[in-house]
Amino acid sequence: MIERVLVLAENRYARLVLVGLMVLSLQTTVFNDMRPFGVCLQVMVLLAASAGLARGSDVGAIAGFIIGLLYDLVLTTPMGLCAAVFAIVGYLAGVGQSLVYEPTWWTRMLLGSLASAIGMILLPIASTVTGATGILNVHVLFVALVVGVFNAVLSVPAERLCRWALTEPAAIR
Amino acid sequence: MDLRGSSVINFTRSAFGVVFRPIESATKVVTRPLGNAWNGMTHYNDVVKENHRLNDLVAFSEGSTISAIASVREAQELLSLNGLPTLAGIASCTAQVVGQSPSNFTQTVEINRGSECGLKVGMPVLNAAGMIGKITDVYNKRSVVMLLTDPGYSLAVKVVNIPAPTTTTTAAPGTPVEDTTTTTSTTTTTTLPRVTTTTGIPGFVPGVTIATSSTLAPLPGESTVPIGDVGPNQPGKSTSSEITVPPGLDVPLRETGALEGRGISRTPIVRFVENQPRFGAVRIGSPIISAGGATSLAPPDIVIGSVSRVVNRTGTLGPILEVTLAANLKNLNFVRILLYQPTSEKVVAP
C-alpha cells in the first residue's frame, strides 16, 4: 500500500498537481489583487505554456489539461473549458519550442509570452462557443497583450519550475 | 464539459473548495505584504483622491440622509397600508465579500455565506448604495455573486423619467429693458413637476381636479337627448357630466426595459425601452430601479443607478441607455442578500 502511494507520489503529474495548487493559490490571492491596467495576471496559463516549453508538446498538452482542470475548479466557467484551452496552449508552446534551433532564455521568454497571449484569446472564444455572450470584443486583445508581457517576465522561473516538476522519476533517482 | 446542475461536478467543486481553501488562506497571509506593497506603489495617489472625494461626499450625504430615511419610512408605511409589498418585508442575510474571480472575462465575487444562511441561486445582492448582482452558485458556506457588469447578467428594470426643467427668464427689477443697451437679466432654472395643461377642451379648467363640462347646444335638426342617455365617449355630445382629473398626474412617468452587463470596462445598458411620445425623451440622471414582477429574480424598487448617456436609434427602436451604477463594484465589502424568490418559483405548500 505504502509502495503504491510512494509510486503515485513519484509520478511527475502528481508533482505537477501539487505545484499547480501552489500556483493556483498565488493566482487567487496576490495575482488577483495585482491588476496592472485593470487586467488580472494569469499565471496558470503561464504554467501550462511553461510545461510545454520544458517537456515538449505531448507532455505540455497533458500538463496543460491538468492545470486547466485545477483552474476550472475555482472558476464559474463550464468545467473543462480552461482544461481544453490550456491543453492547446501547452501543446502550442511545445511545438513552438521544437521549431526553434538552439533555444535560448529569450526565445523561451518570447514563446511563453506568445502562448499565454494565444490562451487569453482562445479562452473567450471557447466561452462564446459554450454559450457565453458579450465577452468576445476588442478588450480581449488588450488583456492578451498585458498578460503576454507580464508572463514573459515570469516565464523563465516558471519554465524551470515545470522542468523540475515534470522530471521522470528515474531521472530523480 | 460541464453539464449545468450536475451533482458530480458540483460535489467536485465543493470538495476542491474545502481542500483548497486552507492553502489559499495560508498563501493570502504570506503574500499580503507583497500585495500591500504593490497597491501602495500603484494606487497611493488614487487613494488620496478618493479620500478627498469621499470626505466631500460624506458631508453632502449627511444632510440628505435624515430626510431620505423619513421619506422611505413614510413610503413603506403607505405601501404596507395599501397591502403592497415592500423591501422591508423581505428577510435578508448579511455577508462579506471574501474574494473576486481571477478571470478577466467574468465579473463575479465570492461571499462567505451559503446554503446554511438560506441562500439560493438567483437571489438579489445589494450593498448600501444599491443592487450589485445576483447569486449564481451556492455552496455550504460560500456563494458566488455575478455582478451587474457581467456580460451574462440581465434584469428587468424601470426607468423613471425625471420632469423636464423649466427655464423662466425674468428681468431684474428697475432695469430699463428697451431704452438702454446694457440690459441685465436674471435667469433662474426651476424644476417644476410635470403638469398637464390641456386647452381647448370645453369645460376643462387646468389646475382644477373636478371640472364640469358645459352642455352643448344641439345642432339644427338634432333632438335634445335627456341627461344620462348618451355615452361619455361621444366627442362634443356629452351632457353635463363631471370629468375627474386624477390627482397624481405630476408623478414621474416610468418605462420598463432590460438591464444588461457588458463587461468590467464598460457600463451596463438598458435595452427595449419603448420609444413612446407619452414617456418623452429620457433625461440623463433619470433613476433606474428594478421592475419586479412574478418572474423577475429581484423585487421591485431596488435602486440600481442612473442614466449616464442616451443613445437614440432611428425608427421605432427605442433608445439605449447607458447606466452609471449606484454601487461601486470595485470596492465591495459587506453585502446584503435578499432572501427573495419570485412568486413563479415559490414552492406552494401542500
Side-chain angles (χ1 to χ4, degrees), chain A residues 17-18 20-45 69-84 119-121 123-140 142-144 146-147, chain B residues 1-4 6 8-10 12-17 19-39 41-43 98-108 110 136-137 144-146 149-154 260-266 269 330:
Chain A
V17 168
L18 295 176
L21 279 174
M22 289 297 123
V23 177
L24 183 62
S25 66
L26 290 173
Q27 174 70 73
T28 57
T29 53
V30 67
F31 288 108
N32 200 12
D33 292 337
M34 292 163 57
R35 290 184 177 240
F37 309 108
V39 174
C40 181
L41 300 181
Q42 300 293 318
V43 284
M44 291 302 278
V45 74
L69 213 54
L70 287 174
Y71 203 22
D72 274 327
L73 288 168
V74 297
L75 292 179
T76 55
T77 49
M79 189 75 173
L81 189 82
C82 288
M120 285 299 98
I121 294 169
L123 208 53
I125 291 173
S127 296
T128 306
V129 168
T130 56
T133 53
I135 58 173
L136 201 56
N137 49 39
V138 186
H139 185 64
V140 169
F142 179 69
V143 170
V146 174
V147 169
Chain B
M1 284 290 170
D2 179 288
L3 179 68
R4 291 288 178 191
S6 163
V8 176
I9 299 284
N10 285 345
T12 309
R13 278 192 158 137
S14 189
F16 183 79
V19 173
F20 181 63
R21 212 56 57 194
I23 300 171
E24 190 184 40
S25 299
T27 311
K28 195 177 277 185
V29 171
V30 172
T31 59
R32 188 173 293 153
L34 191 64
N36 290 344
W38 170 265
N39 288 330
M41 283 188 290
T42 56
H43 300 306
V98 291
Q100 58 180 330
S101 170
S103 170
N104 284 304
F105 307 112
T106 54
Q107 275 76 57
T108 56
E110 196 176 309
T136 52
D137 287 292
V144 177
V145 179
M146 179 190 280
T149 50
D150 191 281
Y153 191 92
S154 183
E260 294 174 2
R262 296 193 299 167
I264 199 160
S265 57
R266 303 166 79 188
I269 54 167
K330 290 179 181 173

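Quick note on labels: first sequence line is chain A, next is B, and so on, each numbered from 1.
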Closest-packed option against chain B by number of heavy-atom pairs under 4.5 Å, given A:Leu75, A:Leu123, A:Asn137: A:Leu75
Chi angles and distances behind the side chain to side chain contact (heavy atoms under 4.5 Å, CB included) call for A:Asp33, B:Trp38: CA-CA 9 Å; A:Asp33 292 337; B:Trp38 170 265; over 6 Å; no
If you tally heavy-atom pairs under 4.5 Å against chain B, which of A:Thr133, A:Thr28, A:Val143 wins? A:Thr28
Given side chain to side chain contact (heavy atoms under 4.5 Å, CB included), test A:Met22 with B:Thr27 step by step and report yes or no. CA-CA 8 Å; A:Met22 289 297 123; B:Thr27 311; 5.6 Å; no
Exam field: side chain B:Arg13 to backbone A:Asp72, donor-acceptor pair closer than 3.5 Å: yes
Look at the side chain of B:Asn104 and the backbone N and O of A:Cys40, then say whether any donor-acceptor pair between them is shorter than 3.5 Å. yes
Would you give the length of the straight line joining atom OG of B:Ser103 to atom CG of A:Leu81, rounded to the nearest 0.5 angstrom? 9.5 Å
Out of A:Leu41, A:Ile135, A:Leu136, A:Val140, return the one with the most heavy atom pairs under 4.5 angstrom to chain B. A:Ile135
What part of B:Thr42 lies closer than 4.5 angstrom to a heavy atom of chain A: side chain, backbone, both or neither? neither
Measure distances from B:Phe105 to the heavy atoms of chain A and classify the residue's part below 4.5 Å as side chain, backbone, both or neither. both
Give a yes-or-no answer on whether the side chains of A:Ser25 and B:Glu24 include a donor-acceptor pair shorter than 3.5 Å. no
Of B:Gly152, B:Ser101, B:Gly263, B:Gly261, the largest count of non-hydrogen pairs under 4.5 angstrom with chain A goes to B:Ser101
For chain B, which candidate among A:Val30, A:Thr29, A:Leu24, A:Asn32 shows the most heavy-atom pairs at distances under 4.5 Å? A:Asn32
Quick check on B:Ser25 against chain A: is it the side chain, the backbone, both or neither that has a heavy atom closer than 4.5 Å? neither
Proximal component of A:Tyr71, with respect to chain B [non-hydrogen, under 4.5 Å]: side chain
Top of B:Arg32, B:Lys28, B:Met146, B:Gln100 for chain A proximity - count of heavy-atom pairs under 4.5 angstrom: B:Gln100
Okay, B:Arg266 and chain A: the region with an atom under 4.5 Å from a heavy atom over there is side chain
Going from CE on A:Met34 to OG1 on B:Thr31, what distance comes out if it is rounded to the nearest 0.5 angstrom? 10.0 Å
